[in-house]
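Taking it in order: structure first as structure tokens, then the write-up.
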Amino acid sequence: MSDPPHASAGPDTVVDENRLEELIIEAQTALPVELPALANRCAAALGLDTVLIYLVDLQQRLLVPLDEASEPLPVDRSRAGWAYRRVSPQVAADDGGVIVWLPLVDGAERLGVLAVRTAALDGVRMRRSRMLAHLFAMVITSKRTYSDWLASLARTATMGLPAEMLRAFLPPQTIGSSRCVSTAVLEPAYDVAGDAFDHSVVKNVLHTMILDSMGHDLTAGLTTSVAMAAARNARRAGGAPADVVGSVDQALVHWLPDHFCTGVLCRLDAETGVLHWVNCGHPPPLLIRAKRVLHGALDSPPQPPIGLAGHLAPEARQVHETTLEPGDRVLLYTDGVVEARDTDGAEFGLDQFTDFIIRSSAAGQRPAEVLRLLIHAILDHQRNRLRDDATILLFEWRPQCP
């Protein structure tokens, strides 16, 4: 098909629904590398000029264009990055017209931005631009699970084998609904081995988990991968939190008898706010309420790590319960977060860790942006050379107002 016209057709142009239907059907079978051209054809059908798709890189520092002839844009110092960070459109003048930067969002996860160029901007063009962003967010989400090309665009360094294996198991960084959201970050992005996170929404229940396996090699990654697979298997069979942890215990004892991991598993009823959690030898979760940490609120008696055989393995794990208040945030983390040290040996520390989250949240940052800023602060503290894996998971209960 021919390239799209460069002159705007105007917002009063009637959309050719047959043409638009053809393009949507084409999107189902289009290769990822064909998406830039397809996006332009969709824009032309909507009376817009040209569009360009940018996806965020693995560490959320760059917005990388699908058009490989264009240059990446910084997340922290660009209008495109502003739209990504704030999940809100940004408009700027551009060569006699305007460019609209729109966030590409799948559910609660930020994928990147869509740049829409048009001769002028009004309500109709803005609405059609948003439609285009929604459409391509869904298209990209459907294709990135199997596209090595999209995966490679998101990388700025060579990934180690343990990280490659482990990342194949990880869910999207952010998931959520109108009642709850869960988001996570993990570093070092290309060399992680033993840390992992998981989260899933089943009807109105949010399941979250964080794991930290002993060691920092391929075996550590294998231990974590087996643990995640066992947890998902039990959870999808309808297992309660104690059953899920018991399944992971059994799987590690059977398949990797000399290896174990610490971890926290949580189950949040997003309708009632009732939270159940199990802590297996891991730093306790932190409860943030009304801009302060409620120290000790989610502490629990110690239990051994997951996968220890013999007399150390309990017959049944202790499950603890509390009820959250609207707006509460629960923070899970691995010890590599607070133990990150600068060149003088000073730890990042738990106080600095929680203070950063509270200040960022008070400034109106969304949970995913809070963690993006936090993990970059930790990396800066240690000059981008973490001595241990650092993983953070933050979930928030925000029930709908009656």
Side-chain angles (χ1 to χ4, degrees), residues 58 60 105-111 141 144-145 166-187 189 192 194-213 224-241 243-245 247-248 261-280 282-288 298 306 319 324 328-334 337 357 361 366-372 374-375 389-399:
L58 197 59
Q60 300 184 83
V105 181
D106 175 48
E109 186 184 19
R110 303 176 298 179
L111 307 175
T141 299
R144 65 177 181 158
T145 54
L166 194 57
R167 285 193 174 278
F169 279 87
L170 294 181
Q173 284 188 311
T174 306
I175 64 169
S177 66
S178 58
R179 292 188 176 95
C180 60
V181 63
S182 176
T183 186
V185 290
L186 188 155
E187 287 283 353
V192 67
D195 278 15
F197 66 87
D198 197 16
H199 45 203
S200 174
V201 176
V202 180
K203 295 183 179 179
N204 290 315
V205 175
L206 171 67
H207 299 268
T208 62
M209 181 174 66
I210 195 167
L211 297 170
D212 184 358
S213 294
T224 303
S225 298
V226 169
M228 290 181 67
R232 288 173 178 172
N233 184 259
R235 189 178 69 217
R236 291 166 182 172
D243 301 321
V244 173
V245 178
S247 294
V248 180
C261 60
T262 67
V264 175
L265 181 146
C266 299
R267 181 187 187 278
L268 171 65
D269 187 319
E271 289 188 328
T272 64
V274 173
L275 173 69
H276 292 93
W277 80 97
V278 183
N279 188 342
C280 303
H282 201 81
L286 300 175
L287 176 59
I288 300 175
L298 301 181
I306 310 171
V319 180
L324 301 184
D328 279 357
R329 291 179 171 183
V330 176
L331 190 64
L332 312 180
Y333 63 96
T334 59
V337 173
I357 289 179
S361 301
R366 294 168 180 259
E369 182 63 11
V370 170
L371 291 200
R372 187 188 77 87
L374 174 58
I375 200 68
D389 294 346
T391 304
I392 313 166
L393 186 147
L394 176 68
F395 64 88
E396 178 182 25
W397 185 49
R398 48 184 191 192

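Side-chain contact check for Met209 versus Leu393: every heavy-atom pair is 4.5 Å or farther apart. Annotation: side chain of Arg398 is not in contact with side chain of Asp328 (no heavy-atom distance under 4.5 Å). Contact check for Thr391 versus Val337: no side-chain heavy atoms found under the 4.5 Å cut-off. Residues Arg267 and Val319 fail the side-chain proximity criterion, which asks for heavy atoms closer than 4.5 Å. Using a 4.5 Å heavy-atom cutoff, the side chains of Leu331 and Ile357 are in contact. Side-chain contact between Thr183 and Ile175 is absent, with no heavy-atom pair separated by less than 4.5 Å. Looking only at side-chain heavy atoms (C-beta outward), Leu111 and Thr141 come within less than 4.5 Å of each other.
Between atom SG of residue Cys280 and atom CG of residue Leu265 there is a gap of 8.0 Å, rounded to the nearest 0.5 Å. Note that the OG atom of Ser178 and the CG atom of Asn204 stand 8.5 Å from one another [nearest 0.5 Å]. To the nearest 0.5 Å, atoms CG (Leu275) and CH2 (Trp397) are separated by 11.0 Å. Expressed to the nearest 0.5 Å, how far OG of Ser213 lies from CG of Asp195 amounts to 8.0 Å. For the atom pair OG (Ser177) and CG (Leu206), the distance works out to 8.0 Å, reported to the nearest 0.5 Å. Remark: Arg167 CZ to Ser225 OG distance equals 12.0 Å, nearest 0.5 Å.
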(request) Before giving the answer on side chain to side chain contact (heavy atoms under 4.5 Å, CB included), spell out for Ser247 and Asn233 the whole-Å C-alpha distance, their side-chain angles and the decisive distance to 0.1 Å. (result) CA-CA 8 Å; Ser247 294; Asn233 184 259; over 6 Å; no
(message) Walk me through whether Val202 and His207 qualify under side chain to side chain contact (heavy atoms under 4.5 Å, CB included).
(response) CA-CA 8 Å; Val202 180; His207 299 268; 3.8 Å; yes
(request) Just do the side chain to side chain contact (heavy atoms under 4.5 Å, CB included) check on Arg329 and Leu287 with the steps written out, would you? (result) CA-CA 6 Å; Arg329 291 179 171 183; Leu287 176 59; over 6 Å; no
(message) Apply side chain to side chain contact (heavy atoms under 4.5 Å, CB included) to residues Leu286 and Val330 and explain how you reach the verdict.
(response) CA-CA 6 Å; Leu286 300 175; Val330 176; over 6 Å; no
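The shortest non-hydrogen separation linking Pro285 to Leu332 is CB-CD2, 3.5 Å. In terms of heavy-atom proximity, Ala108 sits nearest to Val181 at CB-CG2, 4.1 Å. Taking all atoms of both residues into account, the shortest heavy-atom contact from Cys180 to Leu268 is CB-CD2, 4.5 Å. Summarising the geometry of Pro367 relative to Leu394, their closest heavy-atom pair is CB-CD2, 4.0 Å, with the distance given to 0.1 Å. Ala196 approaches Leu170 most closely through the heavy-atom pair CB-CD2, 4.1 Å. A pairwise comparison of heavy atoms in Leu211 and Ala227 identifies CD1-CB, 3.8 Å as the closest pair.
At distances below 3.5 Å, not a single donor-acceptor pair connects side-chain atoms of Arg179 with backbone N or O atoms of Val205. With hydrogens and angles disregarded, a donor-acceptor distance shorter than 3.5 Å links the side chain of Asp389 to the backbone of Gly194. Without hydrogens or angle criteria, His282 side chain to Tyr333 main chain gives a donor-acceptor distance under 3.5 Å. Side chain of His199 to backbone of Pro172: a donor-acceptor contact under 3.5 angstrom is found. Within the 3.5 Å criterion, the main-chain N or O of Ala368 finds no donor-acceptor partner in the side chain of Thr174. Using a distance-only test at 3.5 Å, with no hydrogens or angles considered, a donor-acceptor pair links the side chain of Arg372 to the main chain of Gln60.
Partners of Trp277 by ring-ring contact (aromatic ring centres under 6.0 Å, His included), not counting sequence neighbours, listed by chain and number: His320. With sequence neighbours excluded, the residues that form a salt bridge (Lys or Arg N to Asp or Glu O under 4.0 Å) with Arg110 are Glu369. Among residues two or more places apart in sequence or in another chain, the salt bridge (Lys or Arg N to Asp or Glu O under 4.0 Å) test is passed with Asp198 by Arg232, Arg235.
When only modelled atom types and interatomic distance are considered, Ser182 and Thr208 share no side-chain donor-acceptor pair under 3.5 Å. Thr262 and Asp212 share no side-chain donor-acceptor pair at under 3.5 Å.
For Glu109 and Arg366, the salt-bridge test fails: no basic side-chain N is under 4.0 Å from an acidic carboxylate O.
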